[in-house]
Protein chains: 2
Amino acid sequence: MSPDRRAVRRQETKDEIIAAAWDLVRQQGLAGLALRDLAQRVGMKAPSLYSYFASKSDIYDVMFREGYLAFAAEHDDLVVEPDRTGADGATVLRRMAHRFFEFCTSDPARYQLLFQRTIPEFVPSEESYAVALDVYGRLTSQLAALGFDDPQTIDLWTALLTGLTDQQISNDPGGTRWEGLVDRAVDMFIVANAPHLLEATTRGSTP
Amino acid sequence: MSPDRRAVRRQETKDEIIAAAWDLVRQQGLAGLALRDLAQRVGMKAPSLYSYFASKSDIYDVMFREGYLAFAAEHDDLVVEPDRTGADGATVLRRMAHRFFEFCTSDPARYQLLFQRTIPEFVPSEESYAVALDVYGRLTSQLAALGFDDPQTIDLWTALLTGLTDQQISNDPGGTRWEGLVDRAVDMFIVANAPHLLEATTRGSTP
DNA sequence: GTCTATAATCTGATAGAC
DNA sequence: GTCTATCAGATTATAGAC
């Protein structure tokens, strides 16, 4: 049952190709991914890629899934139960916001692939879409643990965070113009949706 | 000095080409604009387009400028001085938000061209960029008239609005999932940034 | 102004030898 | 598994006849 060395080697090559693909889209833009360039980057000719992936869309699909898994990995250690670590709800919320903002703005091409619909010829496979849904489910669980269980409140939260990241990426790429507003945006969200979170702690204390 | 009939006819043809280009990008996506298809739509062959536009990028540029002019036209009648029309500041702010949301979500391709950087080969000309800056200046003037003169507050406002529109376009195209949150988002913004606007009027009265 | 013809280049994908 | 060779098509853009 365990994968033999041939399967391991094969998987390593696939990983190497995907890593090269990330390099390429970061450099050329998401839509600028060309199989010839990709093959060259791993020391192959273009047709050889088809031994590892069925199509270009299949490559996007693996990147899509990998991107969501990376998102989950970077957000899983977020404290879900405030009392256990001594961090209050407002602090956890600010931490979530900064983590999300950093994840998105640090790799605009990935943000584009995961959260926007800009490559018309790519539709996530059922399997990959399930991963995306699962990640979204974790997000709602974390917010529910903080007392936000209304779907509309969660939609407002995601709109607020994607708005900040989107403006940062589109209008000040590489800068910090909207990054500096993350704390203020979170405070605004708390004041309007859960003012009790602010009363329990000292305002303005951001880790 | 006045344009003769030849110049008028030429401008009409240019307008017709641009209108066809809008149709095409709405249908095929912004990046899917092909000169062959565009020419066919106006009953020409592709090379004939070069009598009217210097390049494909030039066509994008005219669309970019036209899009910002349309934005200005749809937002110019917004009441800048509340007292004159009897509408209070909160009402004007809600109106602005709905107008912006409608403008963006009603034409995602236009939103992509005007507010996102997704066509790497297109860079707005100096003239067109000036139009964009002018429109942004009008927006800040309107907000300043409502008492929002802090640049960071304005950045927060634009982040909030683009976040709502972006989520609507990306995750519920054609639906109303985030549209229904516009009023709530505006209230949140007012509560946190200008609570006095809410005290002066009855909450929840939306035109 | 509009056309035909074509340049020059790119794309994803396949067949078949080795 | 990897290659060469190639298909079949797309793209923007130009030259030059009419």
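The sequence lines fix the lettering, A, B, ..., with proteins before strands; numbering per chain opens at 1.
OP1 or OP2 of D/dG1 has not a single side-chain nitrogen or oxygen of A/R9 nearer than 4.0 Å. In terms of phosphate contacts, A/K45 brings no side-chain nitrogen or oxygen within less than 4.0 Å of OP1 or OP2 of D/dC3. Taking 4.0 angstrom as the limit, A/S48 places none of its side-chain polar atoms (N or O) nearer than this to OP1 or OP2 of D/dG1.
Residue A/Y52 places its side chain closer to D/dG1 than to any other of D/dG1, D/dA13, C/dG12. Nearest nucleotide to the B/Y50 side chain, out of D/dT12, C/dT4, D/dT2: D/dT12. Which of C/dT11, D/dT2, D/dT14 sits closest to the side chain of B/P47 comes down to D/dT14. Taking only side-chain atoms of A/M44, from C-beta outward, the nucleotide of D/dA13, D/dT2, C/dG1 with the closest atom is D/dT2. The side chain of B/R36 approaches C/dT6 more closely than any other nucleotide in the set C/dT6, C/dG12, C/dT2.
The interatomic distance linking A/L35 (CG) with D/dC7 (C1') rounds to 16 Å, in whole Å. Taking atom CD of A/Q28 as the reference point, atom C1' of C/dT11 lies 14 Å away to the nearest angstrom. With rounding to whole Å, B/L38 atom CG is found 9 Å from D/dT12 atom P. Here D/dT11 presents its P atom at 14 Å from CD1 of B/I119, a figure rounded to the nearest Å. Rounded to whole Å, atom P of D/dG1 lies 11 Å from atom NZ of A/K14. Rounded to whole angstrom, the span from the CD1 atom of B/I17 across to the C1' atom of C/dG1 amounts to 11 Å. Between the CD atom of A/E121 and the P atom of D/dG9 there is a distance of 19 Å, given to the nearest Å. Protein atom CD of A/Q40 is 12 Å distant from nucleotide atom P of D/dC3, rounded to whole Å.
Between B/D77 and B/R99 there is a salt bridge, since at least one side-chain N of the basic residue sits less than 4.0 Å from a carboxylate O of the acidic one. In this structure, A/E12 pairs ionically with A/R9, as a charged nitrogen and a carboxylate oxygen lie closer than 4.0 Å. At a threshold of 4.0 Å, the pair A/R41-A/D37 does not count as salt-bridged, since none of the basic side-chain nitrogens sits closer than that to a carboxylate oxygen.
For the residue pair B/T158 and B/D155, no side-chain donor N or O sits within less than 3.5 Å of a side-chain acceptor on the partner.
Heavy-atom distances to DNA chain D give each of B/G32 and A/G43 a nearest nucleotide, and the one nearer the 5′ end belongs to A/G43.
Within the 4.0 angstrom heavy-atom criterion, no nucleotide atom of any strand lies near B/R6. Using a 4.0 Å heavy-atom criterion, one finds that A/L33 contacts the sugar-phosphate atoms exclusively.
Judged as a side-chain hydrogen bond (donor to acceptor under 3.5 Å, both in side chains), and not counting sequence neighbours, the contacts of B/D61 are B/R65, B/S125, B/S128.
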